[in-house]
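One structure below.
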Protein chains: 2
Amino acid sequence: MNAPSSLTSLETPCLVLDHARMARNLARMRTQLQALGVRARPHVKTCKSLPIGERMRDPGGGITVSTLAEAEQFFAAGVTDILYAVGIAPNKLDHVRDLRARGCDLTVVVDNVDAAAAVAARQAGTPALLEIDSDDHRAGIRPHDDALLATAAALARGGVVRGVMTHAGASYDCRSAAAITAMAEQERAAVVTAATRLRAAGHAAPIVSVGSTPTALFARDLRGVTEVRAGVYVFMDLVMVGLGVCPLDDVALSVLCSVIGHQRDKNWLLTDGGWMALSRDRGTAAFPVDQGYGVVCDVHGAPIPELVVHATNQEHGMLRRRDGGPLDLARFPVGTLLRVLPNHACATAAAHDRYHVVDGGMAITAIWPRGAGW
Amino acid sequence: MNAPSSLTSLETPCLVLDHARMARNLARMRTQLQALGVRARPHVKTCKSLPIGERMRDPGGGITVSTLAEAEQFFAAGVTDILYAVGIAPNKLDHVRDLRARGCDLTVVVDNVDAAAAVAARQAGTPALLEIDSDDHRAGIRPHDDALLATAAALARGGVVRGVMTHAGASYDCRSAAAITAMAEQERAAVVTAATRLRAAGHAAPIVSVGSTPTALFARDLRGVTEVRAGVYVFMDLVMVGLGVCPLDDVALSVLCSVIGHQRDKNWLLTDGGWMALSRDRGTAAFPVDQGYGVVCDVHGAPIPELVVHATNQEHGMLRRRDGGPLDLARFPVGTLLRVLPNHACATAAAHDRYHVVDGGMAITAIWPRGAGW
């Protein structure tokens, strides 16, 4: 078969990436980080795709991964400076050693003495960042906790204390720009405090790493921070729109689907875009505007504001008017192509193995593969 | 690398399938369908795996798929009698024609005149089932609706009216065995009524197809039905447990993950089993027992009833006591392997590309690949 040349020649459901929107998102983050004087270490957990990661990365710069599969994917393409940003499980240390032996400068993360001791014991010289809890939402050591120096000491008995990192995931719970800016300062202060304590204890700790798309874009000052990890900004999504991080027309990712039927009595459109294609993520459920399973656009990407994907089965999407009112089904005959903007780009992209790249129009300018798994 | 021989030699997270439990689930459905005198047309949307589909299928029998990718996967292995059970989108008809030209006896589904006309026009002789709405929950034509005969007539202008099908997805909203049994009878009555009307109008309509795991297992009588499509029964999951369809120890699928840290102040365990590995499905959220993101078991598969996965990030699981009380973290040191039973087997399996098969113990007896995509 020939490569598809237009969105109208694809089988649905499939993933569409708007290159112009992505380019705008990339430029925005680059401008912001340059203004703040910090390097990017973009997180490729959202895209899992080389052509996109290369556009996010500084020339010759490093990346962040959420799986060793992503590390393998990017290392195979020549990226060597890689941070695996999930607390290391002991059963992954042989794989880490293998990647490092092949020339990958892989850094791992620890937040406790046991993991630090396991890293130090498995291979001399393995570098790790100490994960800092800056917002009480997930993992990490609090910056003033005695465990910080104990963990660093355990790591230093064989490993290398390369620095500190944190992820202010609580920024996703903020409901104003001011709150996100305050969270960015809290994130910064936590890691700078921890790095200062480590250095006072004799560890070089050159890396001070923060990152989330909201805090990266709303930070006013990142003094003491050396690098920013963010990932979802490249696509944006409805959670970011709900947080006020970007307008709706910055969302670069959508799922192309087809109308497959009508339920006239219920005022529903049925599509072949179910939760397998859109994901089960309901990240906007608690927001002032609940976007259901996604905002519906026409095939050109223009929102149809009165519609929402209100329910999904595995391979079925159910669309109705937001107000629940009568729907003019004749506007959407069977076969109509629609594009659904995702709640959470990381989750939606995960169901797909490629991006169909368009540049504003319907012509497909590239097909970019994406990875999966662990 | 050598193939892993034991759960303790795997990198986490990954998918584990308990063969003994699966065999019990398979035997239960087979016994039930034999007692009811209907054929199985198992749905492979849950497993997407040949060795599992072969165990579900009657010798030489047909299967049901949710994507044309599944049809390709099973057709390549010699399965020819395949029902694609999602209302057909016009952009898939070239692919359908191609599969049929290669010898696959692929049947499609329509629930409206426009789709029926598209099928009839694209290739003479393409068989389709008319989808019947038996429970008001998703797609289909109501059995007494005039649209039934109009759709059959449109299809018959080139295609073949092979029969009717329905899926009583509303069985997932039932809260008692009696309610599920009643739903099974409602499902049966709807398709038998529709088939009778079609036959009276001169269509042969030999196939009368129903299917959901709850209604298949709780039906008392399927007179007039020729085949049953069910899929999730092969693994079972916490939704099925919550519905009373099976006990907890019938759940054959689990996600193996590792403890990667402790948050002592919060009484949390952190694992590397996040929503990417478990899925975002919260199918038990509205049940009397909300299972969070999954029931936690030890590495042998024995439940640890006081624990639950209460929250997830992409690659992090947060586990706590169900009662929110103090957790004895020393029982679960970093590196401890845990197995998490899924809310929804279809969604959880979708994140993984293989099953690690065990037979009660920790030894891996087989690795079975699974498919994905469309």
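Throughout, protein chains are lettered first and strands after them, A, B, ... in sequence-line order, and every chain is numbered starting at 1. Here the structure is a predicted model, which means the values were calculated and not measured.
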Passing candidate, side-chain contact (heavy atoms from CB on, under 4.5 Å) with Pro90(B), options Thr336(A), Val259(A), Val334(A), Thr12(A):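 Between Pro90(B) and the candidates, side-chain contact (heavy atoms from CB on, under 4.5 Å) is satisfied uniquely by Val334(A).
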
Closest-packed option against chain A by number of heavy-atom pairs under 4.5 Å, given Gly335(B), Ala139(B), Pro333(B):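 Maximum pair count with chain A is reached by Ala139(B).
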
Option that, when pairs with chain A are counted at under 4.5 Å, heavy atom only, ranks first among Leu337(B), Ile88(B), Asn313(B):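 Looking at each of Leu337(B), Ile88(B), Asn313(B) in turn, Asn313(B) comes out on top.
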
Should [X] and [Y] count as side-chain neighbours, where that means a heavy-atom distance under 4.5 Å?
X: Trp374(A); Y: Pro13(B); result: yes
X: Asn112(B); Y: His262(A); result: no
X: Glu315(A); Y: Tyr84(B); result: no
X: Met276(B); Y: Thr67(A); result: no
X: Ile260(A); Y: Val86(B); result: yes
X: Asp133(B); Y: Lys266(A); result: yes
X: Gln314(A); Y: Thr46(B); result: no
X: Trp275(A); Y: Cys346(B); result: yes

Can you tell which part of [X] gets under 4.5 Å to a heavy atom of chain A, answering side chain, backbone, both or neither?
X: Ala277(B); value: both
X: Arg142(B); value: side chain
X: His344(B); value: side chain

Please name the pair of heavy atoms, one in [X] and one in [Y], separated by the smallest distance, quoted to 0.1 Å.
X: Asp272(A); Y: Ala89(B); result: OD2-CB, 3.7 Å
X: Asn91(B); Y: Ser258(A); result: ND2-OG, 3.0 Å
X: Gly87(B); Y: His316(A); result: N-NE2, 4.4 Å

NZ/NE/NH1/NH2 to OD/OE distance under 4.0 Å, Arg282(A) and Asp281(B):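 Answer for the salt bridge query: no.
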
Salt-bridge contact Arg264(A)-Asp145(B) (side-chain N to carboxylate O under 4.0 Å):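 No, no charged N to carboxylate O under 4.0 Å.
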
Donor-acceptor contact below 3.5 Å, side chain Gln263(A) vs main chain Gly140(B):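 Yes, the answer is positive, given that a donor and an acceptor are paired below the 3.5 Å cut-off.
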
Chain B contact via Leu10(A) - which portion, at a heavy-atom distance below 4.5 Å: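 It is the backbone, since no side chain atom gets that close.
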
Proximity breakdown for Ala372(A) and chain B, heavy-atom pairs closer than 4.5 Å: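 Interface part for Ala372(A): neither.
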
